[in-house]
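Worksheet: one structure, shown below.
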Amino acid sequence: NVEPRSVPVFPWHSLVPFLEPSQSG
Amino acid sequence: PPSSTAAPSSLPPYFIKGSIIQLADGELKRVEDLRTEDFIQSAEISSELKIDSSTVERIEGSQTSANFAVVQFSVGEHRSQVSVEVLLEYPFFVFGQGWSSCCPDRTTQLLELPCSKLSVGDVCISLTLKNLK
């Protein structure tokens with residue numbers, strides 16, 4: 001018996017690092 | 001001095017080969033099938049996020065753990081210096097090339113994600129806020 005399983009779906013922006021420039025002033 | 005971002009000690013699940021990724025237009029793709037255009041088009045649709053070009057300036061071993069590397073980027077048009085400490089197998093997406101990490105053998109072994117060697121001069125995709133002032 002094969003039961004359907006929910007497959008997680010991830011948003012595209014999860015895969016990209018959020019590189020925030022250092023604040024200067 | 002460049003800022004530093006703490007990194008988690010294990011990779012998130014969405015980098016595992018076969019993970020389903022939803023683009024901004026709703027299309028679903030496997031993580032290993034993502035292309036540069038997918039990120040660019042998704043960012044164009046996004047009202048909050050903007051893609052920046054982040055050039056790898058330096059890659060060093062971490063002084064805190066042998067499993068980590070410190071990658072220094074030059075981010076965006078202002079070339080802001082940003083350093084991140086990441087696991088050696090952490091994959092970045094390089095423009096026109098695809099997934100790349102400091103240790104692609106580990107990435108492939110742990111995630112089965114096809115991966116190239118991240119090198120100085122590579123231009124990675126990163127995100128910033130569109131309304132960042």
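Numbers restart at 1 for each chain; the letters A, B, ... are given by sequence-line order, proteins then strands.
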Q. Please walk me through it: do B:F39 and A:V16 pass side-chain contact (heavy atoms from CB on, under 4.5 Å)?
A. CA-CA 9 Å; B:F39 292 100; A:V16 190; 3.4 Å; yes

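By the salt bridge (charged side-chain N to carboxylate O under 4.0 Å, His left out) test, B:E37 is found to be paired with B:R35, residues two or more places apart in sequence or in another chain being considered.
The hydrophobic cluster containing B:I16 also contains B:V31, counting ILVMFWY residues as joined when their side-chain heavy atoms lie under 4.5 angstrom apart, directly or transitively. Cluster annotation: B:L88 is not connected to B:Y90 through the hydrophobic network of ILVMFWY side chains, with a link wherever side-chain heavy atoms come within less than 4.5 Å. In terms of hydrophobic clustering, with Ile, Leu, Val, Met, Phe, Trp and Tyr side chains grouped at heavy-atom distances under 4.5 Å, B:V70 and B:V86 are assigned to different clusters.
Top candidate by heavy-atom pairs under 4.5 Å with chain A, chosen from B:S54, B:S42, B:G76, B:P91, is B:S42.
Contact annotation for A:P17: both backbone and side-chain heavy atoms come within less than 4.5 Å of a heavy atom of chain B. Using a 4.5 Å cut-off between heavy atoms, A:V7 touches chain B through its side chain atoms alone.
Note on residues 110-125 of chain B: no pairs pass salt bridge (Lys or Arg N to Asp or Glu O under 4.0 Å), not counting sequence neighbours.
The side-chain heavy atoms of A:L19 and B:D52, taken from C-beta on, include no pair separated by under 4.5 Å. Looking at A:V9 and B:I21, their side chains never come closer than 4.5 Å, going by heavy atoms from C-beta outward. Contact annotation: the side chain of A:F18 approaches that of B:L129 to within less than 4.5 Å [non-hydrogen atoms, C-beta and beyond].
Taking both residues in full, the closest heavy atoms of A:W12 and B:L23 are given as CD1-C, 3.9 Å, listed atom of the first, atom of the second, then distance.
Applying the 6.0 Å contact sphere to CD of B:E48 captures no more than 12 heavy atoms from other residues, nucleotides or ligands.
Note: A:L15 CG to B:L127 CG = 10.0 Å, rounded to the nearest 0.5 Å.
The backbone N or O of A:S14 lies less than 3.5 Å from a partner atom in the side chain of B:Y14, making a donor-acceptor pair.
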